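Below, read A as the first sequence line, B as the second, and so on, with proteins coming before strands; counting in each chain starts at 1. None of these values were measured; they are calculated from a predicted model.
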Amino acid sequence: MRTDFVVREVATGLRRNVTMTAAMVLTTAISLLMVGTGLLAVKTIDATEAIYSDRLEIRVALTQDVSTADTDCTQPICAGLRSTLENSPLVAGVTYENQQEAYERFQELFAGQSVAELARPQSLPATLRVKLVDQDGSTEAGAAAVKQAMENQVGVRTVIDQRDVVAKLFDFLGGVRNVTFALALVQAVAALMLISNTVQVSAYTRRTEVGVMRLVGATRWYTQLPFLVEAVITGVVGAVLAGVGLLVGKVAFIDSLLAGIAQNGVIPPVTLADVLTVSAYLVPIGAVIAGITGYVTLRLYVKV
Amino acid sequence: MIRLERVTKMYRTSTRPALDRVSVEVGKGEFVFLIGPSGSGKSTFLRLLLREDVPTRGKIWVTDLDVAKLPRRKVPRLRQRIGVVFQDFRLLPNKTVGENVAFALEVIGKSPSTIRKVVPEVLELVGLEGKADRMPHELSGGEQQRVAIARAFVNRPLVLLADEPTGNLDPDTSQDIMLLLERINRTGTTVVMATHDHSIVDSMRRRVVELDMGRVVRDEAHAVYGVGR
């Protein structure tokens, strides 16, 4: 195979349809950008779940009277609840947070905000903070058991499962991921059709060359490779642009949007390494998809 | 060199076969005119030899290759043994004369050093020495056909097929092209030429295979185009 021949033919082909090539590159870039965004969303969701799975606890908030009277959970009601919890095989540990401690944590959490000034130790409940045993990656069973055992017990005001709060965040992130993937899919179909169409146009504008090549006995590789390489190049360039887009998106948009919550460790930050890894995946994805589309198009529509 | 055994070609769009039980044998180094009115099957004949189409029935041999049964990946091997020239030249308009000829070698993977050596040789053979850097549109019709012949012949094919090669040329230029084809024939290349041109066939006195309605109606050595045609 003469590489200089292929290089020359590809260069001619790409130059000949500049607008088509540009459209193909941009559409590919946008669809891959969305795929990349989806992948980053998945990665963030996974990392967030990992953070919370060992941080999440169930809080059993105690009633006002028990909270005020008992500062170290030694009185019968609280001690009873505590031992019930500790005796469960699904519970990993129980700590008691009295009103003063709750107040301190509250001050820390809402530092600088007006609620911090309004709160008084007496207005906050003492809580039993229950850590659950991780069973096959799930604390579902433990949470249900604790809820069932604690709800409506004497001295218990409410049972708060933190996972319910976080679930909303996960739902939101999952929604973002699904929407991006759906858009990426639509966009990808458009990109595929554009690639296919461009290959056909490219083959048509070069029908004389291809005709001569066939007649003088050029092998399929010689006749088809320039078209395939053209498609793959646009796929790769599109993927690189998508990578650049992700990077720009991270710096210009995600970083400022998530700055607050990421610093507090509420959700993990989208790191530069994540973006680069995803971008690195996009390049072979773009190349392979464009190549396959080009090959199928040549097989089905172009007599070469 | 070329053998057709009871070759029939039906096209789906027509009830009459384009070729009807055609049997022809052409030996090595022969010069054969393929004549007949439009639609008589001359082009189909040439297309089948090139494996642009496969016969509905019958066998075709070109050298030692069973053309109809040739697997797709071996078709290039067949076509590298056959040079083809058309009425409309089919040159690449954006390449020079030299590049047009070189292109035929490039795409079958010949080395640049071979190409540099062979292209000037063949251009000299067809009488275009010194015109390698011209563009096709700067040449006359006869010169363009010489470029096409050079391109068809540069890989030294065993067979040269010419489909109405003088159809677009005036009589004098046509005679020059015929002299060139004769010269190529003398190198041992088998030449099959489809034509309508009475005067050329009459003046050359070569073997004539006449087709009519897809049938061979005449196969005669040292023949003329025909009385009363």
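- In this structure, the portion of B/Ile82 lying under 4.5 Å from any heavy atom of chain A is its backbone and not its side chain.
- In this structure, the portion of B/Leu91 lying under 4.5 Å from any heavy atom of chain A is its backbone and not its side chain.
- The CZ atom of B/Phe103 lies 4.5 Å from the CE atom of A/Met213; values are rounded to the nearest 0.5 Å.
- Other residues, nucleotides and ligands contribute more than 12 heavy atoms inside 6.0 Å of the CZ atom of B/Arg16.
- Residue-environment remark: OH (A/Tyr204) stays at or below the threshold of 12 foreign heavy atoms within 6.0 Å.
- A 6.0 Å sphere centred on OH of A/Tyr281 holds no more than 12 heavy atoms belonging to other residues, nucleotides or ligands.
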Just do the side chain to side chain contact (heavy atoms under 4.5 Å, CB included) check on B/Ile108 and A/Tyr222 with the steps written out, would you? CA-CA 8 Å; B/Ile108 57 171; A/Tyr222 262 98; over 6 Å; no
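- Residues A/Val216 and B/Asn155 are not in side-chain contact: their nearest non-hydrogen atoms beyond the backbone lie 4.5 Å or more apart.
- Proximity to chain A is limited to the side chain of B/Asn94, based on heavy atoms less than 4.5 angstrom apart.
- Comparing B/Arg79, B/Arg77, B/Lys95, B/Gln80 by how many heavy-atom pairs each has under 4.5 Å with chain A, the most go to B/Arg79.
- Across every non-hydrogen atom of A/Ala218 and B/Pro76, the tightest pair is O-CG, 3.7 Å.
- Neither the backbone nor the side chain of B/Pro157 comes within contact range of chain A; no heavy atoms are under 4.5 Å apart.
- Taking a cutoff of 4.0 Å between a charged side-chain nitrogen and a carboxylate oxygen, B/Glu106 and A/Arg8 qualify as a salt bridge.
- The CG atom of A/Leu215 lies 8.0 Å from the CZ atom of B/Arg151; values are rounded to the nearest 0.5 Å.
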